[in-house]
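Let me begin by presenting the structure, written as structure tokens, before commenting on it.
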Amino acid sequence: VLERLIKADKLQVVSHLAASISHEVRNPLTVCKGFLQLSSGAQEVSPKTKEYLETAIKELDRATEIINDYLTFAKPISEKKNKINICEEIQNVVNILNPLAHMNNVQILISGEKTDSLFTLGEKKQLEQSLINIMKNGIESMSKGGVLQIGAFYENPNILIHICDQGKGMTREQINRLGEPYFSTKENGTGLGMMVSFSIIRNMGGIINVESDENGTCFTIEMPASRG
Ligand code: ADP
Ligand code: MG
């Protein structure tokens with residue numbers, strides 16, 4: 001119990017910090033990148049300098065990615081809740097992630113109910129962020145490519161969203177650490193994606209379950225359905 005408490009404390013500190021820096025930091029990063037791109041495109045630039053500028057741009061991109069993972073935290077939590085059409089959102093995030101999937105030899109398949117009658121309450125952008133973070137991990141777990149499945153189902157009174165990959169899976173210890181700030185097994189990981197996902201779904205009154213073995217990982221998001 002004590003360990004849980006400490007974990008929750010840490011999470012609060014992290015999200016406060018994120019809220020205060022996220023917006024302030026994004027703008028200067030964008031401006032810097034713009035000027036570096038301009039400089040790198042100039043005719044009088046030597047190949048060596050161009051290489052330095054490209055490296056600087058890459059590092060800026062990485063910083064922006066970290067900010068992106070935080071961004072949903074920057075909004076005050078428990079804003080107004082709208083009705084979200086789940087199948088529409090799934091289609092949206094699949095469209096967003098398809099290019100990344102292609103680059104990794106991953107095919108994204110939509111299964112489950114393709115109806116216009118699955119709704120939940122919350123903020124569209126936040127649900128999208130949460131799904132994207134989980135799906136990105138799925139794509140990244142399949143180093144040799146494979147299939148990523150996502151599907152939504154109604155199970156009275158809840159909506160279940162399954163996200164299953166054919167990746168390398170996680171050990172028990174890794175599963176236990178999921179959602180812990182900065183926990184990452186990746187060379188360039190931020191260890192923030194799952195923390196953000198868990199926090200968003202919890203804020204929507206839902207929970208996330210994980211099943212994983214050496215053949216892949218299945219995340220199941222369970223959240224209250226909203227009626228008509
Ligand atoms: P990051 O992706 O930056 O490492 P995340 O918070 O998104 O941070 O994920 C934390 C860790 O959880 C990952 O580094 C990875 O070890 C593990 N993980 C999450 N999802 C999966 C998955 N689908 N398959 C295998 N490992 C996963
Ligand atoms: Mg991730």
Side-chain angles (χ1 to χ4, degrees), residues 7-8 10-15 17-18 21-22 25 58-74 90 93-94 96-112 125-152 160-204 206-222:
K7 233 181 181 178
K10 272 192 198 155
L11 200 68
Q12 227 171 25
V13 172
V14 171
S15 66
L17 218 89
I21 61 171
S22 169
V25 175
K58 253 197 229 143
E59 290 300 303
L60 278 181
D61 280 343
R62 176 167 156 67
T64 307
E65 206 170 293
I66 293 174
I67 300 285
N68 281 345
D69 271 356
Y70 266 141
L71 194 64
T72 45
F73 265 108
I90 288 180
V93 293
V94 169
I96 291 170
L97 285 176
N98 259 334
L100 179 74
H102 275 295
M103 280 198 299
N104 289 277
N105 287 318
V106 170
Q107 193 190 1
I108 304 181
L109 290 181
I110 301 181
S111 56
K125 286 287 160 207
Q126 293 208 334
L127 179 63
E128 276 179 19
Q129 176 87 63
S130 169
L131 294 176
I132 286 173
N133 290 358
I134 294 173
M135 291 170 73
K136 250 191 183 168
N137 285 339
I139 294 171
E140 286 162 1
S141 75
M142 296 184 272
S143 50
K144 295 193 186 84
V147 173
L148 180 72
Q149 269 206 29
I150 177 164
L160 306 184
I161 304 179
H162 297 295
I163 301 167
C164 298
D165 64 58
Q166 302 172 326
K168 59 172 184 265
M170 281 175 273
T171 64
R172 188 174 294 272
E173 206 249 334
Q174 287 169 345
I175 293 177
N176 284 336
R177 294 192 64 186
L178 267 185
E180 187 181 300
Y182 309 118
F183 165 65
S184 176
T185 56
K186 297 169 195 170
E187 203 175 326
N188 282 314
T190 63
L192 298 174
M194 285 311 300
M195 179 188 78
V196 167
S197 290
F198 276 118
S199 153
I200 289 171
I201 299 302
R202 197 172 42 218
N203 190 43
M204 293 175 73
I207 55 166
I208 301 181
N209 289 310
V210 192
E211 273 177 86
S212 187
D213 61 30
E214 66 279 4
N215 298 317
T217 302
C218 259
F219 284 88
T220 303
I221 301 173
E222 193 178 325

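For ligands, and for the atoms within them, numbers begin at 1 and follow the listed sequence. Computed over heavy atoms, backbone and side chain alike; hydrogens, waters and symmetry mates excluded.
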Problem - Main-chain N/O of M195 paired to S199 side chain as donor or acceptor, under 3.5 Å - result: no
Practice task
Return yes or no for this condition: an N or O of M195 is under 3.5 Å from an N or O of ligand 1.
Solution key: no
Exercise for the section: Check ligand 1 against T190 and write out every atom of the ligand that is under 4.0 Å from a heavy-atom position of the residue. Expected result: 3 (O)
Completion exercise
side-chain hydrogen bond (donor to acceptor under 3.5 Å, both in side chains) pairs touching residues 97-110, sequence neighbours excluded, are none
Handout entry: Backbone or side-chain N or O of M170 under 3.5 Å from ligand 1 N or O
Key = no
Exercise for the section: With heavy atoms of L178 as the reference, note each atom of ligand 1 found under 4.0 Å away. Expected result: 12 (O), 19 (C)
Exercise for the section: Flag N137 as yes when one of its N or O atoms lies below 3.5 Å from any N or O atom of ligand 1, and as no otherwise. Expected result: yes
Handout entry: Shortest non-hydrogen contact from G193 toward T190
Key = N-OG1, 4.2 Å
Handout entry: Expected output: side-chain Q166 to main-chain V147 donor-acceptor under 3.5 Å
Key = yes
Exercise for the section: Return yes when at least one N/O/S atom of N137 is nearer than 2.8 Å to the Mg ion (ligand 2), and no when none is. Expected result: yes
Problem - Where ligand 1 meets M194 - atom numbers and elements under 4.0 angstrom, heavy-atom basis - result: 5 (P), 6 (O), 7 (O), 9 (O)
Problem - Value rounded to 0.5 Å, distance of CD1 in I200 from CD1 in I134 - result: 9.0 Å
Practice task
Using a 4.0 Å heavy-atom cut-off, say whether T185 meets ligand 1 through its side chain, its backbone, both or neither.
Solution key: both
Problem - E211 atom CD, neighbour heavy-atom count above 12 within 6.0 Å - result: no
Problem - Where ligand 1 meets L192 - atom numbers and elements under 4.0 angstrom, heavy-atom basis - result: 6 (O), 8 (O)
Fill in the blank from the handout: Looking at G189, G193, G169, S184, the heavy atom closest to atom 25 (C) of ligand 1 belongs to G169
Handout entry: Heavy-atom neighbours of K58 NZ exceed 12 at 6.0 Å
Key = no
Fill in the blank from the handout: Under 4.0 Å from one or more heavy atoms of T217, ligand 1 contributes atoms 23 (N), 24 (N)
Practice task
May I ask whether D165 places a heavy atom under 4.0 Å from ligand 1?
Solution key: yes
Practice task
Would you mind checking if E59 and R62 are paired as a salt bridge, meaning a charged N to carboxylate O distance below 4.0 Å?
Solution key: no
Practice task
Please check if the side chain of S212 supplies one atom and the backbone of M170 the other of a donor-acceptor pair under 3.5 Å.
Solution key: yes
Handout entry: Proximal candidate to atom 1 (P) of ligand 1 [heavy atom criterion; set P181, G191, S141, C164]
Key = G191
